[in-house]
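Just the heavy atoms: all of them, side chains too, but no hydrogens, waters or symmetry mates, feed the values below.
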There are 2 protein chains.
Amino acid sequence: MYQDQQPGDDRHERQPTIVDVANRAGVAIGTVSRHLNGQSVRMSNRDQIERAIAELGYRRNSTAVAMKTDTSHIVGFMVPSLGEFHAGILEQLTRKMRLNGRAVLSFCHDMKPHLVREGLEFFASHRVDAVVMDGEDVVRADLLPYIEKGLVVALYDNDVEGIPVDRVFVDNRRASARAVDHLIDLGHRRVATIRGNERDYAARERLAGFRQACDARGVVVPPEYVVHGNWGEIGGYFGIRALMELAEPPTAIFSANYNMTIGALTWAQENGVVLPRDLSLVSFDDVPAFKLHNPGITAVEQPIERLADTLSSVLDARLADPAVMGRREIKVECNIILRGSTGPVQQ
Amino acid sequence: MYQDQQPGDDRHERQPTIVDVANRAGVAIGTVSRHLNGQSVRMSNRDQIERAIAELGYRRNSTAVAMKTDTSHIVGFMVPSLGEFHAGILEQLTRKMRLNGRAVLSFCHDMKPHLVREGLEFFASHRVDAVVMDGEDVVRADLLPYIEKGLVVALYDNDVEGIPVDRVFVDNRRASARAVDHLIDLGHRRVATIRGNERDYAARERLAGFRQACDARGVVVPPEYVVHGNWGEIGGYFGIRALMELAEPPTAIFSANYNMTIGALTWAQENGVVLPRDLSLVSFDDVPAFKLHNPGITAVEQPIERLADTLSSVLDARLADPAVMGRREIKVECNIILRGSTGPVQQ
DNA sequence: GTGAAAGCGCTAACAG
DNA sequence: CTGTTAGCGCTTTCAC
């Protein structure tokens, strides 16, 4: 049934182990292990070991290490999907983690509860050192038991309240307020927003920022100036339409994310609304397409690299000593990139 | 120095193991293991085991399994960076792999040889089932030893010739030829290209497609109509400039990737070149920004989902039986998305 | 079917 | 410093 095990067979010939190295170097495996882990070893032995390793082509079996030490040097990354923002975070996270010898295992849950469970289960059973995730609402119920079992998790982008984890967010509220301030500075008084899904923390914060800026400057916002875009492109498309078909349409719009902005732009283009003459538009999230667009889109830029940096240092600290410090919540600031889509109010 | 180990301490209380389950269920660990692996077990035992698992909150330790079986159910994914294309592949790959209980571990090598070595080393030592990677030229030298040691790898996007691995590409040549055909159909005779880095297989193929289409239609391509864009945005920017400042500038350009197209578009915008009146432009790679651009950019769409699908079935087959089948090279077709950036030649 | 037992490759005591 | 040894949690013989 099975092929004969010819010597020199194409199948894996057993990889050399620490035992082989020890034998060849004429020392005990303990010594090899110590050397491998950077502890000091008599110099002559060190050379012997190095030599044996090179000759054998020995490569440490990290699964064995993981099993023994209960740390895998892998961190899990769980997101709904890998659009520009999350992909950017993943890329930077990968870079940062690599400095501590860790790699990132990714999982997309597509907003489906059974998939978040499956992913969490995978992570936990593979003993990832930690998991970083977008705090979608769908994860709340499932997350808690893992955390109680000792899983280290860090949330970003979105919050799930009431669970004891570290958090790294952008200062959604402040950045939104500043973006809206910019609109008001330009003389706009009829300013509207296309908002994200209300069950998301980020959406609530961005809306709060919008309101805060308007209130502070005495700009009143009629209820019909707040439309739901539900984070998506079509939401943006119909959102702007609802706004522009009002008897008294806004002269400026704050769109709470990239996708909705794309939708809004599409509608504007189709309907001959020219920016910034007929309408000023500012978007949360900056993406390459906005720079290229004519006119360029004024946008709130999330500092992806800093987010990933922060995430990774929070995790490093937490992993170095899981118990010592209280839960942290860090907010990082955004930049506002001024481009041509916003201009003085006309009239 | 250390905290007292209070019972109920916040630190990990030892997770239940298969032994605990066996004890609680009153069977031997072998029986539990068999049940866990889907082999048949006496029904009464099955129930006992299930029960014990539930009560204990037992979770299989995949690192132990990995060590024992020498398969981790993890596949490595190595790319230079996570731009739109690679991120898309990763996302789909994640989805596909999940169906077979695998997850994807990613690593960005930033085109630095020492990082590709580090990544490969990480993958190998963690005993990934396979690695899928963009066949960048930088990996060639390092890859071979791993393959000889039995590492399963699949290449996509770009080739590294002369190594025994599976390959999944887009039909770069054919797709390019079709895109250029479209230009010629529109009456263009002065057609130029901004090409990618010549050490890359994809760049060579796309150029070959360009040439092939021109030759077939009797369109002669003067040497100065082939400019090097080196895959990047600035390459595209200066590439189009070189072309348009020619005494006899082209009336149509085929840009060999997304980044160079962005650069070209930027220059065109800055210099009052309006598409498609003054110039027709077709790009390899389709990205969201192209749909939004005014006019929309005619582009070759790489079928990301199909690529990932194919990659994952090739790997499934290979992993099911590493020896049985010869190396495979699969080419998948692209779609050409016609938009407003290409039009009949003017004059 | 099942239980007992032998490891997988490694780390971390432990005694020297 | 070093060698020896006891496991980590699991799969997989091997008898029964």
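Partner B/Arg102 forms a side chain to side chain donor-acceptor pair (under 3.5 Å) with one of B/Thr94, B/Asp316, B/Thr71 and no other, that one being B/Asp316.
Nearest heavy-atom pair, B/Ser72 versus B/Val128, reported as atom, atom and distance to 0.1 Å: OG-CA, 3.3 Å.
Between the CG atom of A/Asp70 and the P atom of D/dG9 there is a distance of 8 Å, given to the nearest Å. Separating the NE2 atom of B/His35 from the P atom of D/dT12 is a distance of 16 Å, rounded to the nearest angstrom. Here the C1' atom of nucleotide D/dG3 and the CG atom of A/Asn45 are 11 Å apart, to the nearest Å.
Relative orientation of the A/Phe123 and A/Phe107 rings is perpendicular, given thresholds of 30° and 60° on the angle between their planes.
Backbone-only contact: B/Ser40 has heavy atoms under 4.0 Å from sugar-phosphate atoms and none from a base.
Atom CD1 of B/Ile89 sits about 8.5 Å away from atom NE2 of B/His86, to the nearest 0.5 Å. Residue A/Cys108 holds its SG atom at 10.5 Å from CG of B/Leu93, rounded to the nearest 0.5 Å.
Between A/Phe169 and A/Tyr201, the distance from one ring center to the other falls under 6.0 angstrom.
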Inset, instruction - Can you check each nucleotide of nucleotides 7-16 of chain C against protein heavy atoms at under 4.0 Å and return B for base, S for sugar-phosphate only, - for none, in 5' to 3' order? - result: BBBBBBB---

